[in-house]
Participant: 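My structure is below; once you've seen it, I'll send some questions.
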Amino acid sequence: MTSVSWRVPAKINLSLAVGPRRPDGYHDLSTVFHAISLADVVTASTPTAPDADPSLTIVEATGAERAVDLAAVPLDRSNLAVRAAQMLAAHAGRRPSVDLHVSKAIPVAGGLAGGSADAAGALLACNDLWNLGLSTADLCRLAADLGSDVPFAVVGGTALGAGRGEVLEPLPARGRWHWVLIAGVGGLSTPTVYRRLDELRATGQAPPPRDRFGPPSTLIAALADGDVSAVADALDNDLQAAAFDLAPSLAATVDAGRAAGLSAGLVSGSGPTCVFLASNAEQARTAAAVLERDGFAGRVMIATGSHAPHRLR
Ligand code: C5P
């Protein structure tokens, strides 16, 4: 085997409750992750020079619905996919010799865990290329050291996330879910958004963290029932207040989605991508066309959920 490709989905957070800042700088979460059809493809190939360190090429996916800002992606060792290959090789006691190729459709720094998807793709593809035979659970343990969203990117589907997001429990989500996404202009840095939420809370401008937060039972039941309007009512994101504060135009973006007939909208993760739930595929297409025409040209995408990473070849 000389080349392996994995298609790895972006994620959105259907709910995201953020606890107080922990001594290690992270925040405990209670979140519902949902992996969508928007995806990057990561290919791992055997390099011609067998002793080489990982190399990385990133291209924009052909047919991507919107342009991806490739200039914002680091190409050096700080890239999460490169670090994933190095970590997996160290774990397996072998050289990290691999050519990584990422075909990107997921917006960069968009709150959709695109970098985490690429890291998960590198773990999945290198595990196969190098014939390591690591289980999904093993890969998730390594993934947690790469970033809080990487374990979910390895498993996909719909899942409850606890801890800093790395403690996962799969959730049933009946049927197909139809989403419209509006990409933000520029990116928002995740640490900056968390820090701003802490500041807003400290000054009484955002509700305090819930002392004890458990799984969002109304949302979980609505997903299991396939009840679109109940899911729409239960969408929730504690980081949204901080994202609005840092990027005030986002509040109008969320309003525009609702005005285009979509039942509910919110900022995805730390933003700035906004996501909207549609009742069906037809409504998603109609609303996306309205938004494309009225102020969001080149920024609108349609996606379905949920999806899991899968191997292409
Ligand atoms: O885990 P990851 O490297 O993706 O996190 C990036 C940053 O986001 C962290 O350094 C932290 O500032 C913030 N974060 C957080 N709590 C989480 C996840 C991320 O504060 N649960």
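Values reported hereafter were calculated over all heavy atoms of this structure, with side chains retained and with hydrogens, waters and symmetry mates removed. Since this is a predicted model, take the numbers as computed values, not measurements.
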Participant: Contact between L38 and P107 at the side-chain level, heavy atoms closer than 4.5 Å - yes or no?
Facilitator: yes

Participant: For D24, which residues count as a salt bridge (Lys or Arg N to Asp or Glu O under 4.0 Å) partner, sequence neighbours excluded?
Facilitator: R22

Participant: From the options T31, D149, L112, select the one residue that forms a side-chain contact (heavy atoms from CB on, under 4.5 Å) with K11.
Facilitator: D149

Participant: Any donor and acceptor pair, going by atom type alone, linking the side chain of T253 with main-chain N or O of S249 inside 3.5 Å?
Facilitator: yes

Participant: Look up atom OG in S15 and atom NE2 in H34, then write down how far apart they are to the nearest 0.5 Å.
Facilitator: 12.5 Å

Participant: Measure the CD1-CH2 distance between I12 and W179 for me, rounded to the nearest 0.5 Å.
Facilitator: 4.0 Å

Participant: Please collect all side chain to side chain donor-acceptor pair (under 3.5 Å) contacts where either partner lies in residues 227-246, sequence neighbours excluded, each pair once.
Facilitator: R196-D245, R201-D238, R210-D238, D227-S229

Participant: Keeping the roles fixed (side chain from R21, backbone from R195), state whether a donor-acceptor pair exists under 3.5 Å.
Facilitator: no

Participant: For residues 302-310, run the donor-acceptor check on the side chains, cut-off 3.5 Å, and write out each pair with its distance to 0.1 Å, sequence neighbours left out.
Facilitator:
from, atom 1, to, atom 2, distance (Å)
T304, OG1, H307, NE2, 2.8
S306, OG, T158, OG1, 3.2
H307, NE2, T304, O, 3.3

Participant: Counting C-beta onward and ignoring hydrogens, is there a side-chain heavy-atom pair between L132 and H91 closer than 4.5 Å?
Facilitator: no

Participant: Can you list everything that forms a side chain to side chain contact (heavy atoms under 4.5 Å, CB included) with D255? Sequence neighbours excluded, please.
Facilitator: R258

Participant: Does the pair L16 and L29 meet the rule for a side chain to side chain contact (heavy atoms under 4.5 Å, CB included), with working shown?
Facilitator: CA-CA 7 Å; L16 178 50; L29 306 179; 3.9 Å; yes

Participant: Enter the distance from S5:OG to L124:CG here, rounded to the nearest 0.5 Å.
Facilitator: 12.0 Å

Participant: Sub-3.5 Å donor-acceptor pair from the side chain of S3 to the main-chain atoms of S45, do we have one?
Facilitator: no

Participant: Just how far is it from atom CG of L75 to atom CG of L100, taken to the nearest 0.5 Å?
Facilitator: 11.5 Å

Participant: Which atom pair, heavy atoms only, marks the closest approach of G147 to R164?
Facilitator: C-NH1, 3.9 Å

Participant: Just by modelled atom types, is the I106 backbone N or O under 3.5 Å from a matching donor or acceptor in the D40 side chain?
Facilitator: yes

Participant: Taking only distance into account, with no hydrogens and no angle test, what donor-acceptor pairs under 3.5 Å do side-chain atoms of residues 260-272 form with protein atoms, sequence neighbours excluded?
Facilitator:
from, atom 1, to, atom 2, distance (Å)
S263, OG, L277, O, 3.0
S268, OG, G111, O, 2.9
S270, OG, T190, OG1, 3.2

Participant: Listed by chain and number, what are the side chain to side chain donor-acceptor pair (under 3.5 Å) partners of D198, not counting sequence neighbours?
Facilitator: H27

Participant: Would the distance check show the side chain of R299 and the main-chain N or O of A183 forming a donor-acceptor pair, the cut-off being under 3.5 Å?
Facilitator: yes

